[in-house]
Amino acid sequence: MSNKTTSPALLDPSIVFPAIKDAFVKLDPRQLIRNPVIFVTEVVAAFVSAIFIRDLIAGGGEAVFSGQIAAWLWFTVLFATFAEAVAEGRGRAQAESLKKTKSELVARRLKDGREEKIAATLLKLGDIVIVEAGELIPGDGEVIEGIASVNESAITGESAPVIRESGGDRSAVTGGTQVLSDWIKVKITVQPGSSFVDRMIALIEGAERQKTPNEIALSILLSGLTIVFLIVVVSTWGLAGYSGTLVSATVLAALLVTLIPTTIGGLLSAIGIAGMDRLLRFNVVATSGRAVEAAGDVDTLLLDKTGTITFGNRMASEFLAVPGVDAHELAEAALLASLGDDTPEGRSIVALANGTYGVATPDITPDLVVPFAAETRLSGCDIAGRRLRKGAVDSVRNFTGLTEAECPPAFRQAVDKVARSGGTPLAVASGNKLLGVIHLKDIVKPGIKERFAELRAMGIRTVMVTGDNPVTAAAIASEAGVDDFLAEAKPEDKLAYIREQQRGGRLVAMCGDGTNDAPALAQADVGVAMQTGTQAAREAANMVDLDSSPTKLIEIVEIGKQLLMTRGALTTFSIANDVAKYFAIIPALFVVTYPQLAALNIMALGSPKSAILSAVIFNALIIIALIPLALKGVSYRPAGAATLLRRNLLIYGLGGLVLPFAGIKIIDLAVVFLHLV
Amino acid sequence: MTLIGWLQIGFLLALVLAAIKPLGLYMAKVFSGEKTFLTPVLKPLEIGIYRLSGIDRDREQGWLGYTLAMLAFSVAGFVVLYAIMRLQAYLPVNPQGFAAVPSDLAFNTASSFVTNTNWQNYSGEAVMSNFTQMAGLAVQNFLSAATGMALAIAVTRAFVRSKAETVGNFWVDTTRATLYVLLPLAIIVAIAFIFLGLPQTMDGSVTATTLEGAKQVITLGPVASQEAIKQLGTNGGGFFNANAAHPFENPNAIANYLNIFAMLSISAAMVYMFGQMTGNRKQGWVLISAIAVLLIAGIGITYWAETAGNPILTSLGLDPSMGNMEGKEVRFGQAMSTLYTAVTTGLSDGGVNSMIGSYTGLGGLVPMFLIHLGEVLPGGVGSGLYGLVVFAVLSVFVAGLMVGRTPEFLGKKIESREMKFAMLAVLILPLAILDFSAVSAMLPTAVAAIGTPGPHGLSEILYAYTSAAGNNGSAMAGLSGNTVWYNTTLGISMLIGRFGYVVPVMAIAGSLAAKQKIPSSKGTFPTDTPLFAGLLIGIILILGGLQFFPSLALGPIVEHFAMMSGQTF
């Protein structure tokens with residue numbers, strides 16, 4: 001990632017301290033009820049606190065135990081709210097840096113032909129503002145008049161200025177960017193406070209954060225488990241009563257909280273926020289959490305050929321000489337003929353002749369340089385009595401004065417061969433003699449084929465979209481290793497293709513920048529608009545890529561998958577932990593009545609009370625310990641589903657089973673050593 | 001444990017394995033309405049039934065319509081059965097002249113047979129007239145089994161269909177289950193049983209003069225036919241109180257073999273049928289293998305625990321070579337007794353050929369835990385399959401999250417709606433078992449009904465509600481369940497366990513049927529692999545274990561450790 005902004009350190013004090021304060025604010029039950037597992041924990045903590053006060057008044061040693069249990073239950077809740085607060089803080093810090101630029105802006109609004117200065121935040125939809133060189137654009141909008149170069153580095157990190165002008169695909173401007181030259185009139189197209197940066201901040205800050213579909217499904221699972229354990233714990237009281245064991249309410253509360261999935265419950269929202277935050281660090285702004293999650297589910301990626309799969313320009317890859325002409329001679333002629341061609345193609349011919357063919361650029365000045373022009377479609381020079389030309393096959397043939405039939409068969413074959421392979425043939429001539437053909441082709445970006453193979457392993461089909469004819473498209477498609485291609489594609493074709501895929505139950509992601517991409521962007525399950533794109537495209541999409549890099553789609557998919565996997569891994573971990581907690585608490589509960597049950601105390605914990613306290617402490621501390629994992633996400637390598645599952649089951653399933661045995665034992669040793677109970 | 005014992009167990013399981021495919025294919029055809037070799041004979045009969053009862057067999061129902069039809073059918077079955085029991089004194093075929101069944105017992109028994117539980121708080125030979133046995137109980141043995149099968153078919157169709165509004169026609173499915181599957185098999189098995197020595201007569205009893213000259217009344221009746229559907233429909237309700245330990249129900253080793261074979265085959269074959277109908281036979285085998293691993297583990301532990309015997313008795317000088325033979329029939333021995341017990345609890349059959357109450361702590365824990373696992377190993381006819389689907393949905397959900405993709409099972413996305421209903425279904429078992437058990441454990445009148453004080457008494461209570469909620473029907477004898485409290489609460493527990501479970505499952509079916517079937521890709525987690533079988537086993541074990549560990553710790557686990565340390569209760 002070229003432009004990946006640095007993320008704040010995991011324990012950056014500027015984030016941690018406000019987060020500690022927020023953690024307490026978030027204890028408000030009205031807020032906490034959105035998270036049923038932690039809400040139950042809070043209720044239980046309050047309940048045990050009441051018992052503690054009662055024990056305190058009643059006197060006796062019980063208060064020492066119930067007080068500590070109450071304290072650790074509160075810590076459990078606080079650690080969960082802290083996790084959420086830290087995730088929010090990091091996301092906010094990321095977004096603030098984007099937002100800062102626009103806070104103190106003054107806009108020059110045109111009203112009834114007069115200009116007035118107002119605060120940018122007061123701008124309304126449809127207002128027209130004028131921005132001159134050196135000024136910042138006050139809000140997102142569309143250029144309706146004028147042309148200017150704009151520095152968008154504030155949001156893209158790219159220092160090269162871009163041109164923004166009225167009409168066409170380059171009319172969109174973003175608030176906070178700076179006009180470097182000339183002036184433009186901008187029509188504000190978003191309500192202040194609803195520009196996509198604001199929307200992103202709102203999504204991170206929780207007010208507007210809505211649970212995504214998978215998050216809801218997972219919450220249901222966690223709530224269901226919580227109810228199951230509630231039944232289990234309450235009935236345990238009755239079942240124990242049968243044998244005359246009176247299990248104290250403190251202990252039952254401890255049992256309940258250690259059993260319900262507090263680990264994943266406490267980290268769930270932090271994971272979601274961190275996912276958005278990771279996207280932001282890749283310079284992608286998502287306008288809904290749902291889109292991030294959908295990205296992990298994508299089956300089909302629609303990628304534009306130019307810029308994504310191939311470099312933007314065609315480049316010379318080979319010289320094909322006709323019989324009787326030496327390849328070196330052809331290369332030299334092509335080089336000389338291209339001296340007057342300043343297009344990327346021309347330069348690539350010079351580079352090829354210099355490089356692969358070892359022809360040095362001669363230092364003789366040509367008598368005449370014919371520059372490349374769109375009308376003539378050829379370039380060349382007259383040098384040392386030779387009239388060298390290179391260009392489109394027809395144009396060069398016309399220059400030589402030969403009819404099509406008079407061309408050497410080898411020449412025609414070479415032209416055919418290049419065309420068939422999807423390349424563009426250029427002819428080279430000296431006077432009235434055809435020397436050979438230059439093979440111009442789209443160069444597939446290095447490494448892209450491997451990237452697509454990875455995607456295929458993940459089960460994602462890649463589809464190349466290009467305006468090229470089917471022959472060219474097929475050749476590039478096979479070279480790049482995409483699964484399918486759309487040749488001679490018009491925007492309507494993209495839309496139709498997406499619809500067809502979706503009818504088959506597949507989720508489609510695409511990126512685009514033009515206004516005519518907007519319908520397809522809106523139709524796609526994940527639509528990524530380029531920051532350089534038009535306002536219409538950015539409105540239709542559910543993500544905006546500030547770097548305007550079409551390959552970003554692949555990273556977005558990975559972030560989406562990572563988000564889901566982190567949730568899954570921690571859920572498995574959380575549930576697997578319960579086994580060890582049972583082995584700590586159950587013998588502790590009943591060993592007085594049934595000394596035989598000491599056999600279940602396989603961890604050899606000090607005393608019933610130390611066992612229960614240790615399980616509660618472990619349950620609280622594990623949340624803190626896993627915050628970094630929740631924020632960073634589990635490591636993700638592209639692989640098939642079965643491989644991923646096996647790996648994650650081993651780490652988080654088996655790990656979750658084994659780790660708490662060791663953890664609780666160590667805490668118990670400390671508890672016993674410190675004589676806490 | 002002996003080699004011969006394991007060979008007996010192995011050979012029986014091999015027989016079942018051999019039956020799975022042909023029976024599964026046959027059922028797939030029956031429920032798809034395709035032609036089978038019985039069609040020429042049964043089709044006219046089937047059409048006649050539809051015509052007589054005014055059923056339009058081409059009109060399919062949505063999940064709600066299907067469920068309501070099932071509920072209406074069950075309520076009707078309940079009312080009829082209850083009425084027969086209350087009125088049996090006035091009804092024909094009552095050679096022993098039994099009086100009306102008391103209302104609480106009738107409620108319990110009607111709930112029990114309508115829910116395919118067959119918990120029996122009575123001795124059949126002492127309370128139920130032959131008419132009640134045949135026209136009441138045996139009819140529900142057929143119909144409750146057929147209802148379970150129909151529900152499983154509807155759930156299966158949810159995975160077969162794409163964007164469908166309907167899941168089938170309840171009346172058609174139930175009719176076909178009875179007519180094409182249960183009835184022909186029941187006739188074959190009943191005849192086999194008659195040849196093996198089971199009585200089949202309308203006479204109430206014979207009076208024999210013993211060698212000492214005393215008169216002994218020996219109860220008879222239509223035992224073979226009752227016994228056949230008892231096992232085929234995983235009902236388990238015996239003609240006699242001693243159930244399959246009674247020599248008239250289960251006279252010899254071959255009859256015992258046929259008993260176990262009959263109860264296991266249909267449920268196991270239905271899992272294969274699921275694979276066949278959803279177009280993925282491998283899926284069927286993977287589910288079967290997951291079941292097999294858990295069931296064989298259950299058999300192995302029970303067999304081991306019982307043959308290991310009781311160290312207390314050994315120290316008293318008893319020969320330990322036979323293991324714990326208390327409550328077991330010598331004609332079956334350890335292997336065939338423990339196999340029967342593990343299978344009958346892994347299934348929701350509930351028939352018994354030995355007294356589970358006399359098992360060792362560990363030996364008694366396993367059957368109870370097998371029911372706690374949700375009666376899916378392979379469970380009752382039909383109910384086992386749809387229970388398994390719920391576990392598969394949960395497994396797929398966890399797996400999907402772990403591979404970073406919205407979970408799919410057989411091309412159907414598992415989303416919040418499915419999770420909601422799956423969790424509702426999961427809640428049912430602990431709700432119906434633990435609440436009632438805890439209250440009973442605290443209630444002096446309920447505690448008074450237990451047979452053995454100490455932790456074994458708690459095991460008895462726990463086992464009763466476990467068996468009821470799991471619709472199993474087997475009992476850890478000792479608890480005198482025929483009291484108003486137990487009759488009522490066990491009846492409620494059975495009804496919740498059956499209908500509280502199946503309604504959310506049908507809602508899942510409706511939701512899945514309406515979804516589009518998505519082609520699988522490499523990113524989709526494959527569910528027809530050993531890895532999935534492993535995950536499924538893990539989820540079933542963890543869920544069951546987490547829910548019931550505390551209660552088991554207070555009952556059978558204490559018993560086990562106590563026995564090992566030489567203490568008895």
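Just so it is clear: chains get the letters A, B, ... in the order the sequence lines come, proteins before strands, and each one is counted from 1. Keep in mind the model is a prediction, meaning the values are calculated, not measured. As a basis for the values below, the full set of heavy atoms in this structure was taken, side chains included, without hydrogen atoms, waters or symmetry mates.
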Quiz item: Is there a side-chain contact (heavy atoms from CB on, under 4.5 Å) between B/Leu543 and A/Leu225 once you walk through the steps?
Solution: CA-CA 9 Å; B/Leu543 263 181; A/Leu225 286 175; 4.0 Å; yes
Quiz prompt | With B/Ser416, the side chain to side chain contact (heavy atoms under 4.5 Å, CB included) member among A/Leu221, A/Leu218, A/Ile216 | solution =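 Result: among A/Leu221, A/Leu218, A/Ile216, A/Ile216 is the only option passing the side chain to side chain contact (heavy atoms under 4.5 Å, CB included) with B/Ser416.
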Out of curiosity, [X] [atom1] to [Y] [atom2], how far, rounded to the nearest 0.5 Å?
| X | Y | atom1 | atom2 | answer |
| --- | --- | --- | --- | --- |
| B/Met402 | A/Arg646 | CE | CZ | 12.0 Å |
| A/Leu259 | B/Gln547 | CG | CD | 11.5 Å |
| A/Arg503 | B/Gln516 | CZ | CD | 10.0 Å |
| B/Ile518 | A/Leu507 | CD1 | CG | 8.0 Å |
| A/Leu239 | B/Ser551 | CG | OG | 6.0 Å |
| B/Arg405 | A/Leu645 | CZ | CG | 14.0 Å |

Heavy-atom proximity to chain A below 4.5 Å, by part of [X]:
| X | answer |
| --- | --- |
| B/Thr524 | backbone |
| B/Leu431 | both |
| B/Phe397 | side chain |
| B/Ile428 | neither |
| B/Leu535 | side chain |
| B/Leu458 | both |
| B/Leu443 | neither |
| B/Lys413 | side chain |
| B/Thr529 | neither |
| B/Ile433 | neither |
| B/Met423 | side chain |

Quiz item: With a 3.5 Å cut-off and no angle check, do the side chains of A/Ser235 and B/Asp435 form a donor-acceptor pair?
Solution: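 Result is no, nothing qualifies.
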Practice problem: Name the member of B/Glu415, B/Lys517, B/Met419, B/Glu418 that forms the most heavy-atom pairs with chain A at distances under 4.5 Å. | Solution: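 Result: the option with the highest number of such pairs is B/Met419.
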Practice problem: Could you check which of B/Met442, B/His560, B/Arg417 has the highest count of heavy-atom pairs closer than 4.5 Å to chain A? | Solution: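 Heavy-atom pairs under 4.5 Å are most numerous for B/Met442.
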Residue part contacting chain B, namely of [X], when any heavy atom lies under 4.5 Å:
| X | result |
| --- | --- |
| A/Ala240 | both |
| A/Val233 | neither |
| A/Arg506 | side chain |
| A/Ile585 | neither |

Taking [options] one by one, which has the highest count of heavy-atom pairs under 4.5 Å against chain B?
| options | answer |
| --- | --- |
| A/Ser243, A/Ala576, A/Gly504, A/Ala294 | A/Gly504 |
| A/Val634, A/Thr572, A/Thr593, A/Thr245 | A/Thr572 |
| A/Glu293, A/Lys561, A/Arg456, A/Met565 | A/Met565 |

Exercise. Just do the side-chain contact (heavy atoms from CB on, under 4.5 Å) check on A/Ile231 and B/Leu427 with the steps written out, would you?
Key: CA-CA 9 Å; A/Ile231 297 172; B/Leu427 275 178; 4.2 Å; yes
Quiz item: Between A/Leu564 and B/Gly404, which heavy-atom pair has the shortest distance, and what is it?
Solution: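 For A/Leu564 and B/Gly404, the tightest heavy-atom pair comes out as CD1-C, 3.5 Å.
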Quiz item: Nearest heavy-atom pair of B/Leu531 and A/Ala642: which atoms, and what distance?
Solution: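 Minimum heavy-atom separation between B/Leu531 and A/Ala642: CD2-O, 3.6 Å.
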Exercise. Find out whether B/Thr406 and A/Pro213 are in side-chain contact, i.e. whether some heavy atom of one side chain is under 4.5 Å from a heavy atom of the other.
Key: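 Not touching, per the 4.5 Å side-chain cut-off.
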Exercise. Run through A/Tyr582, A/Phe590, A/Phe229 and flag the one making a ring-ring contact (aromatic ring centres under 6.0 Å, His included) with B/Phe549.
Key: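 It is A/Tyr582; the other options fail the test.
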Quiz item: Counting only heavy atoms not in A/Arg647, do more than 12 sit closer than 6.0 Å to its CZ atom?
Solution: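 Yes - once you tally the heavy atoms of other residues, nucleotides and ligands closer than 6.0 Å, there are more than 12.
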Quiz item: Checking side-chain contact (heavy atoms from CB on, under 4.5 Å) for the pair A/Thr236/B/Leu434: CA distance, chi angles, key distance, verdict?
Solution: CA-CA 8 Å; A/Thr236 299; B/Leu434 292 174; over 6 Å; no
Exercise. Could you go through the side-chain contact (heavy atoms from CB on, under 4.5 Å) check for A/Thr571 and B/Val398 one step at a time?
Key: CA-CA 8 Å; A/Thr571 305; B/Val398 172; 5.5 Å; no
Quiz item: Within the side chain of A/Tyr242, is there an N or O that forms a donor-acceptor pair under 3.5 Å with the backbone of B/Gly454?
Solution: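 Flag set: sc A/Tyr242 to bb B/Gly454 pair under 3.5 Å.
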